[in-house]
There are 2 protein chains.
Amino acid sequence: MYLSSSVETRSFRELCADHGLTATHQRQVLYEVMQTMPGHPSPEEVYARVKKRIPAISLATVYKNIHLFVERGVLKEVSMHHGSLRVELNSHLHHHMVCSHCKAITDIEEKDLGVLPALQRLPGGFQVERYAIDVIGICAACQKTKRS
Amino acid sequence: MYLSSSVETRSFRELCADHGLTATHQRQVLYEVMQTMPGHPSPEEVYARVKKRIPAISLATVYKNIHLFVERGVLKEVSMHHGSLRVELNSHLHHHMVCSHCKAITDIEEKDLGVLPALQRLPGGFQVERYAIDVIGICAACQKTKRS
DNA sequence: CTAGTAAACGATAATTATTATCGTTCGTCA
DNA sequence: TGACGAACGATAATAATTATCGTTTACTAG
Ligand SMILES: [Mn+2]
Ligand SMILES: [Mn+2]
Ligand SMILES: [Zn+2]
Ligand SMILES: [Zn+2]
């Protein structure tokens, strides 16, 4: 199936070119659907929407392309959810560095962050318990390894 | 099986009393083991360690008690992992409010946070891509609902 | 406009993580 | 010490994600 030649298609092809992706129908619909989902959808939620336009699409395709989009910076991962629950004993106030490649979590002191969390009133009557700051990046080990 | 009467046991019983928990052998070992795990272990990792001291313990017990400890503030959840992967289209710089009760995620502008992330050199040669700040608390809806 | 080729897709099995169920045992308190 | 509700262990069930593999598609050279 060939992609149609509308304006949206042209800009989508540019986006793919910019990110080194082959332009497929499934990817275009996935991308267009995401543009209409302003929240923080899960793969299942995206799948449900995409399926309305491509009933034969596979959930696996949605997963594969979401990962690819995140990898190439088209999508952003909201929850750096680490695959499984992670806990620690309550101790002193600190935050974390999370490697976007290997997902390793390392402690970082608040003073080393240079951030000044000012507990102020937040929109919508949200009752603040605490801040959790993730510094996302590439850890030293992955910097050495990653030669792709 | 009765808990022994060592110093650790006495302080553990106090901890349980303080948090409204019945003091069981499994919970004490779980807690003591966590004290020797400085990182950010998963339930499986904790289970593996606890099993060395209580070979008959069930994984379900570890899960149940980790959840309970988090609920009562004995443990802290490191990844406010939202159960499933969540993504969004890359747009403007913003952060999130996460409800610790219903896990709802809401956008929040950086200017509304009163935080000043200063991209400075971080320990260990970590190469920063971005900050992700989660303001964790109770959303307005859950504040109304939660009458326990 | 074909044909070749690698990439992507769809179906589905497999794996991982987590939760629910339920009969048995334990901890608390009178 | 005995009653009773809470917690436990075994295990089935569910949810989320990934792997496998045969078929189809997109891209490109001719
Ligand atoms: Mn930590
Ligand atoms: Mn957002
Ligand atoms: Zn890494
Ligand atoms: Zn809530």
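Convention: sequence-line order gives letters A, B, ...; per-chain numbering from 1.
With rounding to whole Å, A:K103 atom NZ is found 14 Å from D:dT18 atom C1'. In this structure, A:L30 atom CG and C:dA8 atom P are separated by 14 Å, rounded to whole Å. When rounded to the nearest whole Å, the span between CG of A:L59 and C1' of C:dA14 equals 14 Å. In this structure, CD of B:E77 is placed 13 Å from C1' of C:dT18, rounded to the nearest angstrom. Regarding A:I66, its CD1 atom lies at a distance of 9 Å from the P atom of D:dT17, rounded to whole Å. Here the P atom of nucleotide D:dG9 and the CD1 atom of B:I54 are 7 Å apart, to the nearest Å. As a whole-Å value, the separation of B:E71 CD from D:dA6 C1' is 15 Å.
Of the possible polar contacts, none joining the B:E88 side chain to the A:P41 backbone as a donor-acceptor pair under 3.5 Å is found.
Mapping B:T61 and B:G83 onto DNA chain D by nearest heavy atom places B:T61 closer to the 5' end of the strand. When each of B:G20 and B:P55 is assigned the nucleotide of DNA chain D with its nearest heavy atom, B:G20 is the one assigned upstream, toward the 5' end.
When distances are taken from the side chain of B:A60 to each of C:dC9, D:dA19, D:dA10, the shortest belongs to D:dA10. The side chain of A:P43 lies closest to D:dT17, out of D:dT17, C:dG10, C:dT28. Comparing D:dT11, D:dT20, C:dA17 by their nearest atom to the side chain of A:K64 picks out D:dT20. Considering only the side chain of B:S58, D:dG9 comes nearest among C:dT18, D:dG9, D:dT17.
Between A:Y63 and the phosphate of D:dT18, there is no side-chain N or O to OP1/OP2 separation shorter than 4.0 Å. OP1 or OP2 of D:dG9 has at least one side-chain nitrogen or oxygen of B:Q26 nearer than 4.0 Å. Listed pair A:T24 / D:dT25 fails the phosphate criterion, with no side-chain N or O lying under 4.0 Å from OP1 or OP2. In this structure, B:H25 does not reach the D:dC8 phosphate: none of its side-chain N or O atoms is under 4.0 Å from OP1 or OP2. Taking side-chain N and O atoms only, B:R13 has a distance below 4.0 Å to OP1 or OP2 of C:dT28. An OP1 or OP2 oxygen of D:dA7 is reached within less than 4.0 angstrom by a side-chain nitrogen or oxygen of B:T22.
Relative ring orientation between B:H96 and A:H40 is described as perpendicular, the plane-to-plane angle rising above 60° on a 0-90° scale split at 30° and 60°.
Counting only N and O atoms by type, the side chains of B:R27 and B:T61 include no donor and acceptor under 3.5 Å apart. B:E110 and B:H94 form no side-chain donor-acceptor contact under 3.5 Å, judged by distance and modelled atom types alone.
Ion pairing between A:K52 and A:E32 fails under the 4.0 Å rule for side-chain N and carboxylate O.
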